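All ligand and atom numbering here is 1-based and tracks the order in the structure. Every value quoted in this text rests on a predicted model; they were computed, and no experiment measured them. Side chains are part of it too, since the values below use all heavy atoms of this structure and drop only hydrogens, waters and symmetry mates.
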Amino acid sequence: MLAQYLRLKERHRDAILMFRLGDFYEMFFEDAERASAILDITLTARNKHDATPIPLCGVPFHSVEPYIQKLLGAGLKVAICEQVEDPRAAKGLVDRDVVRVITPGTIVEEESLDPRTASFLAVLGTDDRGYALAIADISTGEVRVAEFGGDAAADGAPHDDLVEAVGEEIARLGVKELVLSAAAQPIVERLTARAPGVFRSLIPDEWYDAGDATAWLAGVGAAETVARPGALAALGALRAYLRETYRGTLDHLRPPELYHPRETLVLDHVTRTNLALTHGASGETRGSLLAVLDRTTTPMGSRTLRRWLLAPLTSCAAIGRRLDAVETLVEQPGVRADVRAGLAGMGDVERLVGRIGTATATPRDMARLASALERVENLRARLADATDLLGEVGAALSPLPGLRVRIAALLVDDPPAALRGGPVVRDGFHPEVDELRAAARDGRGWVAAFEARERARTGIGSLKIRYNRVFGYAIEVTKPNLALVPADYVRKQTLAGAERFVTQELKDHERRLLGAEERLRQLETELFAALVTDARAEQRALAENARALGVLDTVAALAELAHDRGYVRPFLDRGDAVVIRDGRHPIVETVRGADRFVPNDCVLDETQQILLITGPNMAGKSTYLRQVALIVVMAQMGSFVPAVEARVGVVDRIFTRVGASDDLAAGDSTFMVEMRETAHILRELTDRSLVVLDEIGRGTSTFDGIAIAWAVAEHLHERGAGAKTLFATHYYELTALAREKARIRNYSVAVREWQGEIIFLRRIVPGPASRSYGIEVARLAGLPTAVLERARGLLAALERGEMLAEDRRAATTGSEAGEPRQLGLFGSQLSAVERRLRELDVARMTPIDALNELHGLVEAVRGGGDHAQERKC
Ligand SMILES: Nc1ncnc2c1ncn2[C@@H]1O[C@H](COP(=O)(O)OP(=O)(O)O)[C@@H](O)[C@H]1O
Ligand SMILES: [Mg+2]
């Protein structure tokens, strides 16, 4: 046996080998040492008393799932070794083989999967112009191919930004396992930078067999889908990898669907996080947009919704189709209610169909399939008059009445979860099953009669017939009655207080009875397997059902939400404008309650490209920025939006950058991170992008920060027609930009002071925020009068454009003191005077005010002269 073990282990050195012995999976040697530590189970030894005992540990076969999960979680693969011949038929040692290698991307067991997220395995392919990812969810049979193409860089290798894009896609899909060849080793760190937990598997180059993939595609009528050599090779490798790991039947893999990730609205990981698309601040789904949107009633709906959310569309026509369907269900509450009721409780039909494909479906699964098909029939009828997307969904639903009838005829009501867990085949379905059942029933009746008969014959009132899986039937007699045992009883087993016996008659009967039961189980297994095979013949229709149900559920959920929360249908076009009237933040509104949320407008267009939003802390700047971005995301995924009216010129990417103080995990290198992200935005954005910059430049000193924010805003403005930008800042200095750049506009969040308290009005209004606002807040907070006075003085000087040279000198060392003044960046002293002049409302000034003002201006200009001299030396 050990030789057998070692031979198998040799072929699976990179996995923990679980070796089936009876009711246990045993692990030996180093595997036992590693696994026992990870699983927290006892490490023992085989041949304990030998000179070299063999380390050993084991787990029960019927509850192995959680153990496998734990080993995978620790970054290990698990090879499952089973007996592959019937022990009764075996001559000598039973033959064993590895039947499956389990990895995070190939696990299909229901209890190991999250129903709301897909479980993706991705294989990386490379060719001279780019990369491809072959992506499969084995639990549902979904296969997709993503191509990342471009022109080669100077050295013939694909560009770096393609690597970045592949990494983004891996993170976006939440890929569980990335399979790649050794040649891709150098880029693996960058590929997984955004998805640190992803399991990596290396495969040999030979597995990248484009020929195999071509044959497969031709076989499933999808020959035209993929033309790139890299993508074909990746599909070939996917199949090779599954042959090696999964090993079972994979008939349910659907024809691959080709897509280009950059043809959807690109939401990189920073943006997904900043906008809390799938996770709130806690890292949980709570507080995310997904949590607000997900009113689906089935797991396939939930997964479809997540997919729509993370890859909104950029084609107005395609978005319009979804919106039409949502609108229909908003306007027809009766249909919506019926659809949702029809879907609710249907369960995970998609993964169930996956289990039919892998021949692992249980009797309970098949019963659920039958009831789902019945619901499918009703849904189809309900959608009979629908048009467009809903009509297509209806048409894609196949109730498969023949299959349903077969399932209902064969299965008992409420069949067990496991094949051997009780009767599976309905009485009257199959004559032999009925006969065997009768025989078994009679057999059990016979046992009761036999017991009564033997009690009477021996006079032992406590005599009992016992059954045990190992020893079979026996007559049990307690110790005090042993003297009464007749001569034809043969002793079989001795217990603490009793002895067990058999007679020839009992043995004969046992053979008949067990024979019937065994035959019954075998027959039921065969009949059930035939049913699953029948269902497998309908694989395509079943998979299509599952897909259509996912779409229907998503559309109905979005309609339900739109109705409940008073969302409106957005209007999408290819124009450059985003115009929102009375928009709300979908998440904040849900948390706070709609009546406690103040709606705001937003106009971004050719004349208002960049909105510069100022206002004190806690005024609502960040909320406003995110609200606009979230409305765009929702519109492009095909959802109604929280607004009174919304027009969205389709956006190709949304970039967000949130400044240091708003970051949860701020560290030393915050500024570096911030600048890297900003650089990324400036490099990648197009005229169709939406950029959200929240307090950028905060990670460094004020002047660096202002300078960088200023330059970034200028750059965004100067670049062609320019990306639509929302820019929140507490740097008042930046509001001067609006006067210099035609398409930059100042907005602020209105606040009011009332009876010594600050009231946040939450309204976005044109014009910059009040400069002295911070000091007002400080006063209300109780800062000493002397400090406030000094602050006012400093502020006044700043407003006159003075830089308080003496203060700065005091704060810096001698050699730096004479350096050019940084504020000079934002205009000369004269322009500060100009600024002041522009702000004067002469009509409302008294002569004294005017005189004072003039005095101040003269002072400011003279002060500037001093500084100018200072700068020269
Ligand atoms: N329009 C609004 N209506 C109601 N509450 C709002 C609104 N905008 C923001 N808030 C609330 O105000 C608080 C501060 O908002 P935030 O956007 O973080 O401010 P800022 O970025 O200006 O510091 C948050 O708790 C938010 O829930
Ligand atoms: Mg903020």
Side-chain angles (χ1 to χ4, degrees), residues 270-271 273-276 280-282 286-289 291-292 565-567 580-603 611-631 634 641-646 655-666 670 674 677-678 691-699 702 705-706 709 725-732 734-735 746-754 757-771 773-774 776-778 780-781:
V270 180
T271 298
T273 310
N274 286 340
L275 296 182
S282 61
R286 254 185 61 229
S288 68
L289 181 60
V292 172
R565 305 220 69 100
Y567 292 176
I580 298 166
R581 198 152 64 78
D582 281 345
R584 284 119 54 203
H585 189 299
I587 309 170
V588 177
E589 173 190 50
T590 308
V591 176
R592 295 182 65 106
D595 50 336
R596 298 184 53 214
F597 191 88
V598 181
N600 274 301
D601 298 345
C602 172
V603 177
L611 308 187
L612 203 66
I613 296 139
T614 41
N617 262 333
M618 287 302 286
K621 301 182 295 296
S622 301
T623 306
Y624 178 70
L625 260 53
R626 285 170 174 77
Q627 150 184 331
V628 173
L630 288 170
I631 287 175
M634 289 171 71
V641 297
V644 164
E645 197 181 315
F655 294 98
T656 59
R657 173 56 230 167
V658 174
S661 73
D662 283 19
D663 267 357
L664 286 178
T670 314
E674 186 179 334
E677 288 178 12
T678 308
V691 183
V692 169
L693 298 172
D694 195 353
E695 306 275 12
I696 70 159
R698 254 203 192 171
T702 307
I706 296 176
T725 305
L726 293 164
F727 201 132
T729 181
H730 69 294
Y731 293 134
Y732 178 81
L734 291 181
T735 57
N746 277 323
Y747 280 85
S748 52
V749 197
V751 287
R752 187 177 293 154
E753 191 192 326
W754 188 69
E757 279 199 50
I758 302 295
I759 312 265
F760 292 112
L761 299 181
R762 314 284 187 211
R763 287 218 63 95
I764 304 289
V765 293
S770 154
R771 178 66 167 112
Y773 188 78
E776 283 310 305
V777 176
L780 288 166

**Q** Below a 4.0 angstrom heavy-atom separation, can you tell me which part of Thr623, side chain or backbone, both or neither, approaches ligand 1?
**A** both
**Q** Do the non-hydrogen side-chain atoms of Cys602 and Leu611 ever get within less than 4.5 Å of each other?
**A** yes
**Q** Please state whether Gln627 comes within less than 4.0 angstrom of ligand 1, counting heavy atoms only.
**A** no
**Q** Could you tell me whether the side chains of Thr271 and Thr656 share a donor-acceptor contact shorter than 3.5 Å?
**A** yes
**Q** Given 3.5 Å as the limit, does a donor-acceptor pair link the side chain of Tyr732 with the main chain of Pro768, or not?
**A** no
**Q** Would you mind listing which atoms of ligand 1 come within a distance below 4.0 Å of any non-hydrogen atom of Phe597?
**A** 1 (N), 2 (C), 3 (N), 4 (C), 7 (C)
**Q** Using a 4.0 Å cut-off to any heavy atom of Arg596, which atoms of ligand 1 qualify?
**A** 4 (C)
**Q** Does a donor on one side chain and an acceptor on the other come within less than 3.5 Å for Asp694 and Ser622?
**A** yes
**Q** Find all atoms of ligand 1 within a distance of less than 4.0 Å from any non-hydrogen atom belonging to Pro616, and give their numbers and elements.
**A** 22 (O)
**Q** Got a sec, which residues hit side chain to side chain donor-acceptor pair (under 3.5 Å) with Arg581, two or more places apart in sequence or on another chain?
**A** Glu645
**Q** Just by modelled atom types, is the Ala619 backbone N or O under 3.5 Å from a matching donor or acceptor in the Arg762 side chain?
**A** yes
**Q** Does Val598, backbone or side chain, put an N or O under 3.5 Å from an N or O of ligand 1?
**A** yes
**Q** Could you list which atoms of ligand 1 come closer than 4.0 Å to a heavy atom of Gly620?
**A** 8 (N), 9 (C), 15 (O), 16 (P), 17 (O), 19 (O), 20 (P), 22 (O)
**Q** Yes or no: does Ala619 have any heavy atom under 4.0 Å from an atom of ligand 1?
**A** yes
**Q** Report the residue from Thr735, Leu726, Thr729 that forms a side-chain contact (heavy atoms from CB on, under 4.5 Å) with Ile613.
**A** Leu726
**Q** Return a yes/no value for Pro599: is any of its N or O atoms, backbone included, closer than 3.5 angstrom to an N or O of ligand 1?
**A** no
**Q** So if I count the atoms of ligand 1 from 1 in the order they appear, which ones are less than 4.0 Å from some heavy atom of Val588?
**A** 27 (O)
**Q** Kindly confirm whether the Mg ion (ligand 2) is within less than 2.8 Å of some N/O/S atom in Ser622?
**A** yes
**Q** In this structure, which one of Val658, Leu630, Leu289 forms a side-chain contact (heavy atoms from CB on, under 4.5 Å) with Leu275?
**A** Leu630
**Q** With heavy atoms of Arg592 as the reference, note each atom of ligand 1 found under 4.0 Å away.
**A** 4 (C), 5 (N), 11 (C), 27 (O)
